[in-house]
Amino acid sequence: MTIRPITRAELPVATVELARYLLGKIIVRELPEGEASGRVVETEAYPPGDAALHAYRGITARNRSLFKQHGHAYVYLCYGVSQMLNVSSEADGIGAGVLFRAIEPLVGVAHMMARRGTTRLLDVARGPGRLTQALGIARPLDGLDLCEAGPIYLATDDTCASEIGISEIGISTRIGITRDADRPLRFFVSGNRHVSGPGKLNR
DNA sequence: TTGGCGATTGGCT
DNA sequence: GCCAATCGCCAAT
């Protein structure tokens with residue numbers, strides 16, 4: 001499989017559109033032990049004005065990466081236990097993001113399993129905290145440009161198989177939030193076994 | 001300066 | 001299905 005980095009010009013400058021666009025794309029991570037990558041199968045949109053968005057109350061030291069031009073990483077610690085990976089999703093100065101919730105492991109599966117402490121493929125990167133643990137993603141990567149070659153970036157394989165059809169995109173409410181909890185802003189590859197969340201949300 | 005609160009996970013019932 | 005673990009953030013004191 002041949003893959004190439006995604007340029008910023010290819011990324012939609014709109015949060016919800018970007019969340020759908022990213023399904024089927026690839027997150028590449030360069031680790032000390034080698035490369036690891038996975039195909040995005042589940043995302044959530046946190047658009048401007050959304051009460052669940054971390055940038056909702058304005059810019060702070062933690063969330064400033066959300067205000068960067070679309071295509072930059074926002075990484076934060078959730079519940080003191082799990083790291084979350086987002087990508088900024090609007091023009092420079094506008095706070096918004098897309099959360100990566102699950103990937104299907106592609107390259108470096110052994111590296112990811114080792115970091116996760118499991119040999120069960122379905123447990124490797126199903127869920128936002130598991131995904132970041134598998135790829136060694138934490139706060140030091142916050143603010144990086146995901147459209148630039150480096151320790152982590154977005155890529156595509158440019159094949160027909162990578163194009164997710166509209167009919168294959170599932171939509172549901174977002175998981176684990178309390179504010180603006182009823183908005184249909186979670187997107188996933190319908191039928192993919194690496195998608196997280198309760199089964200009733202995945203139909 | 002402080003304390004309540006998460007965009008979760010894994011272990012146990 | 002239930003719940004504790006764990007800790008940085010930030011609104012309010």
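Below, read A as the first sequence line, B as the second, and so on, with proteins coming before strands; counting in each chain starts at 1.
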**Study point:** A:Asn202 vs A:Phe188, side-chain contact (heavy atoms from CB on, under 4.5 Å): CA-CA, chis, key distance, verdict
**Key:** CA-CA 8 Å; A:Asn202 295 336; A:Phe188 56 94; 4.1 Å; yes
Exercise for review: Could you check how far CG of A:Leu77 sits from P of C:dA5, rounded to whole Å?
Suggested key: 17 Å
Check your understanding: Going by an N to O cut-off under 4.0 Å, is there a salt bridge joining A:Lys68 and A:Asp92?
Key -> no
Check your understanding: A:Ile59 has an atom CD1; how far is it from atom P of C:dC9, in whole Å?
Key -> 14 Å
Exercise for review: Not counting sequence neighbours, which residues clear ring-ring contact (aromatic ring centres under 6.0 Å, His included) with A:Tyr76? List them please.
Suggested key: A:His54, A:Tyr74
Practice item. Could you check which nucleotide pairs with C:dT13 in any of the strands shown, counting Watson-Crick or G-U wobble with both distances under 3.5 Å? Key: none
Study note, to complete from the structure: Of A:Thr178 and A:Ser82, the one whose nearest nucleotide on DNA chain B sits closer to the 5' end is A:Thr178
Study note, to complete from the structure: Between A:Val81 and A:Arg139, whichever has its closest DNA chain C nucleotide further toward 5' is A:Val81
Check your understanding: Whole Å only: how far is the OH atom of A:Tyr76 from the C1' atom of C:dT6?
Key -> 15 Å
**Study point:** Watson-Crick or G-U wobble mate for B:dA7, both contacts under 3.5 Å
**Key:** none
Revision key, fill the gap. Per side chain to side chain contact (heavy atoms under 4.5 Å, CB included), A:Leu154 is matched among A:Asp145, A:Thr7, A:Ile6 by A:Ile6
**Study point:** Lys/Arg-Asp/Glu bridge criterion (N-O < 4.0 Å) met for A:Arg174, A:Asp50
**Key:** yes
Review point. Which is the 5'-most and which the 3'-most nucleotide of DNA chain B that has an atom under 4.0 Å from a heavy atom of chain A?
Key: B:dG6 to B:dG10
Practice item. Indicate yes or no: does A:Glu33 engage A:Arg115 in a salt bridge with an N to O separation below 4.0 Å. Key: yes
Review point. Is A:Arg62 near enough to C:dC10 that one of its side-chain N or O atoms lies under 4.0 angstrom from OP1 or OP2?
Key: yes
Point to revise | Single hit among A:Glu42, A:Arg186, A:Arg126 for side-chain hydrogen bond (donor to acceptor under 3.5 Å, both in side chains) with A:Ser196 | key: A:Glu42
Point to revise | DNA chain B contacts made by residues 118-136 of chain A, counting heavy atoms under 4.0 Å | key: A:Gly127, A:Pro128, A:Gly129, A:Arg130
**Study point:** For C:dT6, the Watson-Crick or wobble partner whose two distances fall under 3.5 Å
**Key:** none
Review point. A:Asn63 has an atom CG; how far is it from atom P of C:dG8, in whole Å?
Key: 17 Å
Check your understanding: At under 4.0 Å between heavy atoms, what does A:Arg116 touch on the DNA or RNA strands: base, sugar-phosphate, or nothing?
Key -> sugar-phosphate
Check your understanding: Just wondering, are more than 12 heavy atoms of other shown residues or ligands nearer than 6.0 Å to CZ in A:Arg57?
Key -> no
Point to revise | Flag if over 12 foreign heavy atoms under 6.0 Å of CZ, A:Arg183 | key: yes
